[in-house]
2 protein chains.
Amino acid sequence: MEKTPNLNEVAKLAGVSIMTVSRVINNSGKVSEKTKQKVLDAIKEIDYQPNMIARSLARKKTNILGLVIYSEEGVHPTFYNEIMNGVQSGASELGYDLLIFAQNDEQSYRNRIIRSSLVDGVIFMGIHVNEDDIRSVHEKGFPYVFVGKREVKGIEPYYISPNYIEGTKVATNYLIEQGHQKIGFIGQSKKIAPDYDKFLGYKQGLKEHGITYNEKLVSEQSQSQADGYNAMKEMLKHKPTAVMLNNTYTTLGAITAIKEEGLVIPDDISVIGFDDNQELNQQFNDFIGLDLTSLQIPKLELGKQAAKLTISLVEGNEHPKANYLDLVFLQKNSCQKL
Amino acid sequence: MEKTPNLNEVAKLAGVSIMTVSRVINNSGKVSEKTKQKVLDAIKEIDYQPNMIARSLARKKTNILGLVIYSEEGVHPTFYNEIMNGVQSGASELGYDLLIFAQNDEQSYRNRIIRSSLVDGVIFMGIHVNEDDIRSVHEKGFPYVFVGKREVKGIEPYYISPNYIEGTKVATNYLIEQGHQKIGFIGQSKKIAPDYDKFLGYKQGLKEHGITYNEKLVSEQSQSQADGYNAMKEMLKHKPTAVMLNNTYTTLGAITAIKEEGLVIPDDISVIGFDDNQELNQQFNDFIGLDLTSLQIPKLELGKQAAKLTISLVEGNEHPKANYLDLVFLQKNSCQKL
DNA sequence: TTGTATGCGTTATCAT
DNA sequence: ATGATAACGCATACAA
């Protein structure tokens with residue numbers, strides 16, 4: 001490895017002081033057009049690139065964001081990866097790099113994050129978060145944003161979350177406007193916050209149209225294909241004309257059950273899915289031969305917004321603690337007007 | 001944001017010089033047990049954490065690895081994300097952080113990477129790589145590793161790749177040992193290097209057992225479910241007793257075709273899949289009700305090895321240019337002894 | 001065993 | 001418009 005050139009060498013070559021070179025690089029202060037050219041030429045000649053580390057030390061700012069992913073066994077679900085891509089992209093757009101913190105153990109990151117001066121701000125992501133980390137970061141006034149709605153005892157944390165309630169309400173309204181009254185909902189889980197919010201939106205939609213809530217048309221089972229299959233089997237006894245599902249897996253199971261009963265989508269029953277995984281969903285659509293109408297989480301955008309919000313906080317701006325991003329309602333052909 | 005403490009403040013509090021503190025932190029040089037305790041106490045008291053930026057500048061080493069992902073439209077296929085997780089994990093194990101470079105345009109990274117002194121080494125990943133970047137990094141002697149076999153004109157690059165040839169050879173041998181002679185292969189593509197390697201392994205397996213290659217049992221179509229479906233339909237006319245597939249999508253299509261013909265897996269035909277996406281595959285297995293025997297790319301491990309190899313190069317060790325990682329042959333129940 | 005001086009490459013401050 | 005000098009926080013070399 002050859003030594004990388006520094007300001008001194010550029011200055012010497014251009015016949016000016018390092019400060020002039022620095023000014024040219026940063027477009028700051030006044031530099032005459034003539035010397036500016038000399039400097040630019042010198043920079044090009046020796047292929048000079050500013051040393052980010054030295055710059056960071058002097059500026060006390062690294063232009064690096066940290067992304068902390070709390071995951072199990074070192075494997076991050078696809079879901080997080082897509083958001084991560086968005087974070088990277090959003091950070092990049094504003095001239096920030098992204099540093100990944102992730103480990104299988106539940107180690108605390110707070111010291112490395114806040115004290116080491118390596119990152120200017122941090123984004124938290126994952127279910128099994130170390131809440132002490134967030135609390136600590138929060139109390140130190142260190143810029144951070146959490147992806148996903150979050151309650152942390154004792155503080156009111158910054159977060160950006162998909163607006164599940166609003167999303168399912170929109171979808172429910174859509175079904176109702178298509179003439180549906182007996183609308184099923186699979187995946188009402190009190191344990192999983194997003195799933196419960198989806199349920200709330202569904203309920204609100206019904207309420208706004210004066211449709212009485214029928215608990216026979218709601219199932220708590222929410223995780224696997226088997227859950228969706230069983231829930232749908234049971235629910236079909238009560239003849240819903242439409243059904244909303246909480247994720248890709250339950251959707252698959254439910255569709256299997258519907259087909260087994262000899263029903264056709266959307267002729268006999270309308271279906272709205274909830275797509276947590278676009279690639280998976282795409283492939284299933286191909287396989288099932290069905291273009292599912294669904295609510296989509298704009299994961300890339302979610303990540304981007306998280307990055308931009310964090311950067312805005314880094315730069316000293318004020319923001320509300322709770323931030324929401326609309327879901328995308330994708331109307332395909334699994335719903336029918338009654 | 002409160003000011004973070006530095007060596008000076010620890011030293012003052014402990015009543016020693018900053019050098020003693022530095023020695024305690026780095027476990028270098030001789031420090032008496034007594035002063036060591038004083039220093040440790042002081043560190044704990046003010047919650048001191050070394051400033052990584054200052055350390056990096058002084059050491060001329062950041063302990064940060066860069067990961068460059070060349071992708072399209074800012075979206076990285078799941079495949080890369082899993083490898084990325086491995087890279088992060090591997091780097092972390094050896095005390096390195098990971099910085100992500102990724103953008104939708106085909107921008108060159110070489111200057112930022114090599115010259116800015118931000119990262120000690122770099123890992124490249126993706127199809128549409130900017131070859132000039134690699135060449136430049138290579139020629140400067142900057143530590144790097146490419147994930148996936150790579151040919152770059154003019155140089156012999158460092159890479160670590162799944163051993164596709166060996167993998168499919170093992171799988172082919174397995175089928176032959178189970179008594180199969182008419183073994184089909186779907187996905188021989190000259191355009192996609194890994195797919196062609198898979199084909200080569202298949203061919204070698206046949207050759208080792210003196211089975212003549214029958215091109216009626218080989219299909220070039222290799223990308224989509226439709227490809228797999230069509231290829232299988234055609235191939236079934238020649239009555240293979242077993243078939244190997246090149247990826248999850250063609251597998252799905254092929255299985256559909258097999259079922260349509262009224263054949264049962266594994267009773268009528270044995271199937272070996274190639275799993276590029278574990279989550280997808282898992283879900284399909286559930287759906288199809290079939291535990292597919294398949295070749296798996298150990299993506300997490302691939303990423304880890306890439307990180308460790310890069311770090312080893314950073315630390316001045318010698319390594320061969322070409323490095324291979326064995327595929328995992330997962331024997332489930334889609335194959336039958338003849 | 002401990003401390004002092006110097007440098008890492010840049011930016012900020014204050015001169016000129 | 002340009003330059004000299006002092007930070008930035010730590011590590012290395014050299015003293016004591």
Side-chain angles (χ1 to χ4, degrees), chain A residues 1-40 42-43 46-64 111-112 114-120, chain B residues 1-40 42-43 46-64 111-112 114-120:
Chain A
M1 279 283 301
E2 35 186 312
K3 185 189 169 309
T4 58
N6 61 17
L7 276 186
N8 243 308
E9 297 163 49
V10 178
K12 216 170 286 174
L13 189 64
V16 295
S17 79
I18 63 169
M19 266 320 294
T20 305
V21 179
S22 178
R23 283 188 183 104
V24 170
I25 289 164
N26 296 295
N27 258 316
S28 65
K30 309 284 172 198
V31 181
S32 81
E33 203 50 48
K34 210 180 107 192
T35 50
K36 186 171 175 177
Q37 259 322 315
K38 277 196 301 185
V39 172
L40 254 23
I43 287 175
I46 61 177
D47 193 20
Y48 167 81
Q49 190 81 6
N51 181 316
M52 291 314 214
I53 297 299
R55 170 178 288 177
S56 295
L57 184 61
R59 284 190 182 156
K60 291 171 158 259
K61 178 161 184 300
T62 60
N63 267 43
I64 299 176
N111 283 325
R112 284 198 55 213
I114 315 176
R115 300 301 206 180
S116 72
S117 303
L118 189 53
V119 298
D120 296 333
Chain B
M1 280 279 301
E2 33 186 312
K3 184 190 170 308
T4 58
N6 61 17
L7 275 187
N8 244 307
E9 297 163 48
V10 178
K12 215 170 288 174
L13 188 65
V16 296
S17 78
I18 64 167
M19 263 322 293
T20 307
V21 180
S22 178
R23 285 189 183 103
V24 170
I25 289 164
N26 297 297
N27 259 318
S28 65
K30 307 286 172 199
V31 182
S32 80
E33 202 51 45
K34 210 179 108 193
T35 50
K36 186 171 175 178
Q37 258 320 315
K38 278 196 302 184
V39 172
L40 253 22
I43 287 176
I46 61 177
D47 193 20
Y48 169 80
Q49 190 81 4
N51 182 315
M52 292 315 214
I53 297 299
R55 171 177 289 178
S56 295
L57 184 60
R59 286 190 183 157
K60 290 168 160 267
K61 177 161 186 298
T62 60
N63 267 43
I64 298 177
N111 283 326
R112 286 197 53 215
I114 314 177
R115 299 301 205 180
S116 71
S117 303
L118 188 52
V119 298
D120 297 332

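Here is how names work: the chains are called A, B, and so on, in the same order as the sequence lines, proteins then strands, and each is numbered from 1.
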Quick one: does any side-chain atom of A:Asn51 pair with a main-chain N or O of A:Ile53 as donor and acceptor, under 3.5 Å? yes
Just checking A:Ser117: base, sugar-phosphate only, or nothing, at a heavy-atom cut-off of under 4.0 Å?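 Answer is nothing: A:Ser117 stays at 4.0 Å or more from every strand.
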Within a 6.0 Å radius of atom NZ on A:Lys12, are there more than 12 heavy atoms belonging to other residues, nucleotides or ligands? no
Take atom NZ of B:Lys38 as the centre, draw a 6.0 Å sphere, and report whether it contains more than 12 heavy atoms from other residues, nucleotides or ligands.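 Result for NZ/B:Lys38: enclosed.
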side-chain N/O [X] vs [N] OP1/OP2, d < 4.0 Å:
X: A:Ser22; N: C:dT11; value: yes
X: B:Lys60; N: C:dG9; value: yes
X: B:Ser17; N: C:dT4; value: no
X: B:Thr35; N: C:dT2; value: yes

Whole-Å distance separating the [atom1] atom of [X] from the [atom2] atom of [N]:
X: A:Arg59; N: D:dA6; atom1: CZ; atom2: P; result: 22 Å
X: B:Ile53; N: D:dA11; atom1: CD1; atom2: P; result: 13 Å
X: A:Glu9; N: C:dC8; atom1: CD; atom2: P; result: 11 Å
X: B:Lys12; N: C:dT2; atom1: NZ; atom2: P; result: 20 Å
X: A:Ile25; N: C:dT11; atom1: CD1; atom2: P; result: 7 Å
X: B:Lys61; N: C:dG9; atom1: NZ; atom2: C1'; result: 19 Å
X: B:Leu57; N: D:dA7; atom1: CG; atom2: P; result: 17 Å
X: A:Asn26; N: C:dG9; atom1: CG; atom2: P; result: 17 Å

When you measure from the side chain of [X], which nucleotide among [options] comes out closest?
X: B:Met19; options: C:dG9, D:dC8, D:dT12; answer: D:dT12
X: B:Ala54; options: D:dG9, D:dT12, C:dG3; answer: D:dG9
X: A:Ile18; options: D:dA11, C:dG3, C:dT10; answer: C:dT10
X: B:Ser32; options: C:dT10, D:dT2, C:dT1; answer: C:dT1
X: A:Asn6; options: D:dC8, C:dG7, C:dT10; answer: C:dT10
X: B:Ala58; options: D:dC10, D:dT2, C:dG9; answer: D:dC10
X: B:Arg23; options: D:dT12, C:dT13, D:dA13; answer: D:dA13
X: A:Leu7; options: C:dT2, C:dT11, C:dC8; answer: C:dT11

Are B:Thr4 and B:Gln49 side-chain neighbours, meaning at least one heavy-atom pair lies under 4.5 Å? no
Return the 5'-most residue of the pair B:Val31, A:Asn8 with respect to DNA chain C, ranking by each residue's nearest nucleotide.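 The residue mapped nearer the 5' terminus is B:Val31.
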Residue pair A:Thr62 / A:Asp120: nearest heavy atoms and the distance that separates them: N-OD1, 3.0 Å
Candidate list B:Val39, B:Ile46, B:Asp47, test side-chain contact (heavy atoms from CB on, under 4.5 Å), partner B:Ile43, passing option: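 Per the side-chain contact (heavy atoms from CB on, under 4.5 Å) rule, the option paired with B:Ile43 is B:Val39, out of B:Val39, B:Ile46, B:Asp47.
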